[in-house]
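For reference, the structure discussed in these notes is given below.
Everything quoted here is computed from the prediction, not taken from an experiment. Below, chains carry the letters A, B, ... as their sequence lines are ordered, and counting in each starts from 1.
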There are 2 protein chains.
Amino acid sequence: MAFTMKEVVERTGISPYTLRFYEKEGVLPAVDRDANGVRKFSDHYVDCVEMVQALRSTGLPLAEIKEYAELYKSGNRTLPLRKMMLLSQKNKVEDQISRLMKALEKLNYKLALIDAQENRFERLP
Amino acid sequence: MAFTMKEVVERTGISPYTLRFYEKEGVLPAVDRDANGVRKFSDHYVDCVEMVQALRSTGLPLAEIKEYAELYKSGNRTLPLRKMMLLSQKNKVEDQISRLMKALEKLNYKLALIDAQENRFERLP
DNA sequence: TTACCGGGTTACAGTTGCTCGAAGTCAAAT
DNA sequence: ATTTGACTTCGAGCAACTGTAACCCGGTAA
């Protein structure tokens, strides 16, 4: 199952610029190419892309994602370290979620104020 | 109630660099100064800072926060527009939260895999 | 055949949102 | 007297893209 660049872009929502950028930076491994040098992405590669995307979406810097990828390549010896990284990131994500919830509350509060304000206008003689 | 820069930094967690940057960019209004040109922040100003922080923490670009601030300055005439901005941002925040939840699930899944892996090691003869 | 399309390459400039250092001023505190 | 901690402007640097330029290459359609 080999995907084209276009398909991977559709599947992941990551732009081709970014995919190439990740590859260049070593965040993603070098992609297989066909005879013409055209990238063909394997299922497993797409899984990698999705993992990078997930980590990135939590704000983990590329440098650390790269580190994680390298640990992954180094085999099972690095499992405990990778586990620690994931646990630490899990905590950060939980923090982020609660911060977003707070922001959401603030937004709702502001919206409620605006509603009150609007109703005051409507009640003017 | 006037606060010093230091107090505002402590209260909001925003760095002095960033506060000055926001002011310079017009995201925050010009601050009152004392005779020596030292910034003194009013209660209301700190509220503004917190609103900017909340909006920013949701990923709203500074340009749009600035726009919002300008609408705010223009008075009640702009209420409906501001309401729409807040509603749109509310939706985005909800999206973000659900994306983070997904990322969290993925992390938990990976962690579960690692646990399974670790247990397999422990069971080796 | 020619034209176009969609892919490839390198290289580099631009954007956003900070983050920080340099280099200087000034006033109050030790 | 000196240190502390504000302030100023300017400008560089960073992360993570995002996009442009200028080129190549192979397959398909008119």
Nucleotide of C/dC20, D/dC17, D/dG19 approaching A/Leu62 most closely (side-chain heavy atoms):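 The listed nucleotide nearest to A/Leu62's side chain is D/dC17.
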Which one, D/dA16, D/dC7, C/dG7, comes nearest to the side chain of B/Val38?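 Of all the options, the side chain of B/Val38 is nearest to D/dC7.
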Judged by atom type as modelled, is there a donor-acceptor pair below 3.5 Å linking the side chain of A/Gln53 to the main-chain atoms of A/Thr12?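 It does hold such a pair.
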Within less than 4.0 Å of OP1 or OP2 of [N], is there a side-chain N or O belonging to [X]?
| X | N | answer |
| --- | --- | --- |
| B/Thr18 | C/dT19 | yes |
| B/Arg33 | D/dA6 | no |
| B/Arg20 | D/dC7 | yes |
| B/Arg39 | D/dT8 | yes |

If you pin B/Tyr22 and A/Gly37 to their nearest nucleotides in DNA chain C, which one's is more 5'?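 Result of the comparison: A/Gly37.
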Can you give the donor-acceptor pairs under 3.5 Å from side chains of residues 58-69 of chain B to other protein atoms, not counting sequence neighbours?
unit_1, atom_1, unit_2, atom_2, d
B/Thr58, OG1, B/Leu55, O, 2.5
B/Thr58, OG1, B/Gln89, NE2, 2.8
B/Lys66, NZ, B/Glu25, O, 3.2

Whole angstrom value for the distance that separates [atom2] of [N] from [atom1] of [X]:
| X | N | atom1 | atom2 | value |
| --- | --- | --- | --- | --- |
| B/Arg56 | C/dT19 | CZ | C1' | 14 Å |
| A/Glu23 | D/dA16 | CD | C1' | 17 Å |
| B/Met5 | D/dG5 | CE | C1' | 12 Å |
| B/Phe21 | D/dT9 | CZ | P | 14 Å |
| A/Gln53 | D/dA16 | CD | C1' | 15 Å |
| A/Glu25 | C/dT10 | CD | C1' | 14 Å |
| A/Ile14 | D/dT18 | CD1 | C1' | 14 Å |
| B/Asp34 | D/dT8 | CG | C1' | 14 Å |

Closest approach of [X] to [Y] (non-hydrogen atoms, all atoms of both residues):
| X | Y | result |
| --- | --- | --- |
| B/Thr78 | B/Gly75 | OG1-O, 2.8 Å |
| B/Leu71 | B/Met85 | CD1-SD, 3.6 Å |
| B/Ala103 | A/Ser57 | CB-OG, 3.8 Å |

Which residue lies toward the 5' end of DNA chain D, B/Lys24 or B/Lys6, if each is placed at its nearest nucleotide?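 Result of the comparison: B/Lys6.
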